[in-house]
Every structure is written in structure tokens, then in C-alpha cells.
Amino acid sequence: MKSCAIVGINWGDEGKGRMVDLLTEDYDVVIRYQGGGNAGHTVVNEYGKTALHLLPSGVFRRDVVNVLGNGVALDPENLWKEIEDLRKKGVAISPENLKISDRASILMPWHREQDELEESRLGSKKYGSTKQGIAPFYSDKYQKKTILAGELLYPDMVRGHLEELLEWKNLTLSGVYSAETHTPEQLLEWLEYYGGKIIPFICDTGRFLRKAEAEGKSLLFEAQLGALRDLDFGIYPYTTSSNAIAAYAPIGSGLTSAKLDEVIGVVKAYSTCVGEGPFVCELFGEEASRLREAGGEYGAKTGRPRRVGPLDLVATSYGVEVQGATAIALTKLDVLSYLDRIPVCVQYEIDGERTDDFPFPAVLAHARPVMETLEGWACDISGVRRWEDLPEAARKYIEFAEGRIGCPIRYISVGAERDAIIIR
Ligand code: GDP
Ligand code: MG
């Protein structure tokens with residue numbers, strides 16, 4: 001029995017899905033413990049290229065059981081579409097290999113609407129939401145105004161509960177946003193249709209995981225987004241609305257007693273950020289376009305161009321601390337191969353003072369990056385599979401980062417394909 005979390009160290013899109021898809025070879029169960037279908041975890045394997053949104057990235061492995069824990073935002077409509085898309089690709093998904101927590105809250109169509117309404121109300125001050133309803137969803141969950149997946153098993157109760165919630169939600173839709181309200185009939189139809197599709201997968205996943213643990217099964221916890229988007233420890237309010245850090249895995253998975261043997265923090269070899277918020281190392285103009293093109297940095301869910309910058313060792317060190325990472329997977333190193341010299345952010349300067357410490361979010365807008373430049377390797381490394389075959393400059397780049405963040409870089413990814421990996 002071993003347990004490991006794979007988490008993002010930065011702003012998300014570090015390549016977590018890619019690492020989970022690779023490492024699930026050694027695991028029996030993969031659990032998504034927070035976030036919703038706003039994720040885009042792209043994996044490239046024998047099924048081609050797939051962007052996963054809510055399904056755990058262990059779904060391609062025949063012997064792996066995948067769990068959606070109580071901490072996720074369960075949108076049955078989008079989940080069902082995702083399941084169908086994968087089945088079309090030949091991926092087998094059944095109640096045997098996919099289990100949905102009966103305690104997961106259901107993301108309703110009104111959450112997506114409210115997300116959209118609030119972003120347009122904010123106008124130029126918007127958060128850059130993916131408009132998948134995540135913020136209204138988690139707010140409602142904490143107000144105890146959501147329907148739990150397990151309630152779908154008790155249809156007589158669901159109707160009454162839905163009517164109660166709708167009466168309350170319609171007040172917000174019409175009163176705050178002057179938007180159209182819903183009738184219980186419309187939503188009941190939606191819930192019966194999409195809820196009905198996922199009913200066969202719903203079970204007490206806490207019990208399932210405790211049993212799996214007792215039988216000595218190995219467990220892999222998969223996070224969405226990264227430390228800097230964590231609700232409590234990220235760049236609030238430009239965070240997501242759930243806890244993306246490894247410490248939440250025991251709660252959001254349903255295995256509340258889980259002890260993580262390992263936390264693998266995924267770091268991209270440069271920085272990217274989707275949406276609004278302070279991004280100290282941001283590049284603009286030609287330099288940014290070249291990096292964005294080289295890395296194909298467009299959102300998997302939204303297609304939005306991602307903001308890009310050099311590796312930020314201040315933010316990364318903070319992410320490593322917050323995650324309690326025990327090892328690092330450094331991804332997309334191959335993307336930097338076009339550069340002769342590679343800029344790296346080593347400190348921040350805030351009001352004339354230099355610091356190694358990632359500041360309180362309100363101070364970030366005043367932070368300026370302090371840069372160092374390292375030698376590039378300027379050759380194709382995508383075929384390299386052994387540490388000693390990497391060009392010396394590439395090894396130095398990795399060792400430099402490792403020294404600053406104080407955590408061993410064990411995996412180096414040099415391509416999107418499952419096997420494009422160097423294990424040190
Ligand atoms: P996640 O949200 O953390 O799972 O990351 P995303 O899937 O959103 O973004 C990572 C992107 O980089 C995906 O399109 C991957 O296919 C791709 N990718 C992952 N690792 C590598 C790598 O080592 N090299 C290259 N070139 N692409 C990679
Ligand atoms: Mg992503």
C-alpha cells in the first residue's frame with residue numbers, strides 16, 4: 001500500500017494529467033478530490049490526444065479504478081458528455097472502473113449561468129472565470145444549498161429539495177441579475193436525464209477507499225490547478241474556489257484518514273497563467289508569442305491564449321512549501337530548446353527591497369522580477385530518455401532550479417507523449 005498525490009506547484013496547466021497518466025501504471029486507484037469540469041488535463045497515449053475535464057487521468061488504464069471524491073464539483077451533464085466522448089475513443093468506462101461519491105455535490109445549470117452573469121457584471125474587473133459555474137457552486141455548497149449525488153437514489157426526496165433550492169436561487173437570478181428564472185419542471189427534467197445517466201456510478205466512495213486501503217491497494221490522488229490557485233493559499237481572489245493543495249486530498253477524496261507517502265509537485269519549465277490576476281514574471285510582445293507558440297499555450301477547456309513567462313523560482317518555492325512536495329516533475333523542458341539563453345526569475349523586488357519570499361497577494365502587484373540568465377542548450381532534446389544524455393546546459397538548468405526550490409527533481413518531461421520522460 002502506498003499513497004501519493006500529484007499536484008500543481010504553479011498556476012495550473014503544469015502537466016498533471018500527463019504525469020498521472022504515466023504514473024498510474026504503478027497504482028490501483030486514482031482519485032480526483034477537488035475542482036470540476038473547468039480542468040483541462042491533456043494526455044497523449046495509445047488513445048491519441050485527450051483533454052480530460054472531470055474524469056481522473058487514470059481512466060485509460062484498464063486495471064485502475066477511478067474515483068470522483070466528495071470534494072469535486074459534479075456536473076452530470078458535462079461528465080456524461082465526457083464519458084461518451086471517451087467511450088467513442090474505445091476507452092472502457094463502467095461502474096467497475098468509475099465510482100462517484102454519493103457525497104459529491106451536484107453542479108446545476110444555474111451555477112454556470114450565475115458564473116456568467118457575475119463575470120459580465122464585473123466587466124473589466126472580472127476574474128477570468130472559465131464560466132463552468134465553479135465559484136457559485138462552491139459558495140452554495142458551503143451555504144448547504146446543493147443537492148448531493150446520493151440524493152439521486154431517492155427520487156421522491158430530490159423533487160422537494162430541488163423546489164426549495166430553486167425558490168432561493170430564483171431570488172438571486174431575478175433580484176440580483178434581473179435574469180430569467182427557472183421552473184422546477186425544467187430542472188427536474190435535466191436532473192432526471194443527466195442524473196439518471198450517472199446513477200449507476202454513485203456509491204459510498206469513502207467506504208470503497210477504506211476497503212482498498214485495507215487490502216493494500218495503492219492510491220493516487222489527482223489535483224486540479226496549482227498551489228497559486230488554491231483558495232486559501234493562492235493569489236486570492238484570483239484563485240479557484242476549492243483547495244487544490246495536497247493537504248485537502250484526504251478530505252476531498254473521502255479517505256479522511258489518508259496519509260500521503262509522497263507528494264509529487266508538477267512544475268512547468270517556464271510559467272503560464274490563465275485568466276486574470278497578478279503574474280509577476282509575465283512576458284509580452286514578441287518574446288511572449290514565441291514562448292506561447294513553442295509551448296502551444298492555449299487553454300484546453302477554453303482555447304484562450306495563456307499568459308506566459310520564464311520560470312519563477314520565488315513562486316515555485318512557495319508552491320513547493322505549500323504543497324509539502326517530496327519530489328518534483330519538471331515538464332515541457334523541450335519547449336525551451338529554441339532559446340540560446342534562458343531567463344529565470346530568482347527573486348522579487350518589492351519597494352526597492354529584494355526578497356526570496358512569495359508575498360501576501362495584495363503586495364504582488366508591486367513585485368518586480370529579479371532575473372538571471374542561464375545558458376540554453378539550443379538543440380532538440382525531445383528524444384532524450386536518460387539524464388546523462390541531456391545536454392550539459394539542460395542539466396545545469398535543472399540543477400539550478402532544484403537548488404533554489406530545495407526539492408529533488410525526479411522526473412523530467414521532454415514531450416507530451418506518455419514515454420517522453422526522463423527519470424533520475
Ligand atoms: P494540467 O492541467 O496540469 O494537466 O496540464 P495541461 O494538460 O492543461 O497542460 C499541459 C500541456 O502540455 C498539455 O497540452 C500536454 O499535452 C503538454 N505537455 C505535457 N508535458 C509536456 C512536455 O514535456 N513537453 C511538451 N512539449 N508538452 C507537454
Ligand atoms: Mg490544464
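Here the structure is a predicted model, which means the values were calculated and not measured. Just so you know, ligand 1 is whichever comes first in the structure, and atom 1 is the first atom listed for that ligand.
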Next on the checklist: Is it the case that ligand 1 has an N or O less than 3.5 angstrom from some N or O of K332?
Outcome noted: yes
Item to check | Residue D13 atom name (nearest to the Mg ion (ligand 2); N/O/S) | outcome: OD1
Find all atoms of ligand 1 within a distance of less than 4.0 Å from any non-hydrogen atom belonging to [X], and give their numbers and elements.
X: G17; answer: 4 (O)
X: G415; answer: 20 (N), 21 (C), 22 (C), 23 (O), 24 (N), 25 (C)
X: R306; answer: 8 (O), 9 (O)
X: R18; answer: 19 (C), 20 (N)

Next on the checklist: Are more than 12 heavy atoms, taken from residues, nucleotides or ligands other than K89, located less than 6.0 Å from that residue's NZ atom?
Outcome noted: yes
Checklist entry - So with a 6.0 Å cut-off around CZ of R354, is the heavy-atom count from everything else above 12? => result no
Next on the checklist: Can you tell me which residue among I31, V29, V30, D26 is in a side chain to side chain contact (heavy atoms under 4.5 Å, CB included) with L220?
Outcome noted: V30
Item to check | W11 vs F279, ring pair (Phe, Tyr, Trp, His ring centres under 6.0 Å): CA-CA, chis, key distance, verdict | outcome: CA-CA 9 Å; W11 297 265; F279 186 38; 4.9 Å; yes
Item to check | Closest candidate by heavy atom, reference atom 7 (O) of ligand 1, pool T42, I6, V266 | outcome: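 Answer by nearest heavy atom: T42.
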Item to check | Per atom 6 (P) of ligand 1, closest listed option by heavy atom (G40, A223, G226) | outcome: G40
Item to check | Mutual orientation of the aromatic rings belonging to F137 and H111 [parallel < 30°, tilted 30-60°, perpendicular > 60°] | outcome: perpendicular
Checklist entry - Should the pair K217 and Y27 be classed as cation-pi, given the thresholds of under 6.0 Å to the six-membered ring centre and 45° from the axis? => result no
Next on the checklist: Within 2.8 Å of the Mg ion (ligand 2), is there any N, O or S atom belonging to E14?
Outcome noted: no
Next on the checklist: Just to be sure I read this right, does ligand 1 sit under 4.0 Å from the backbone of V43, its side chain, both, or neither, counting only heavy atoms?
Outcome noted: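 It is neither part, as no heavy atom is under 4.0 Å.
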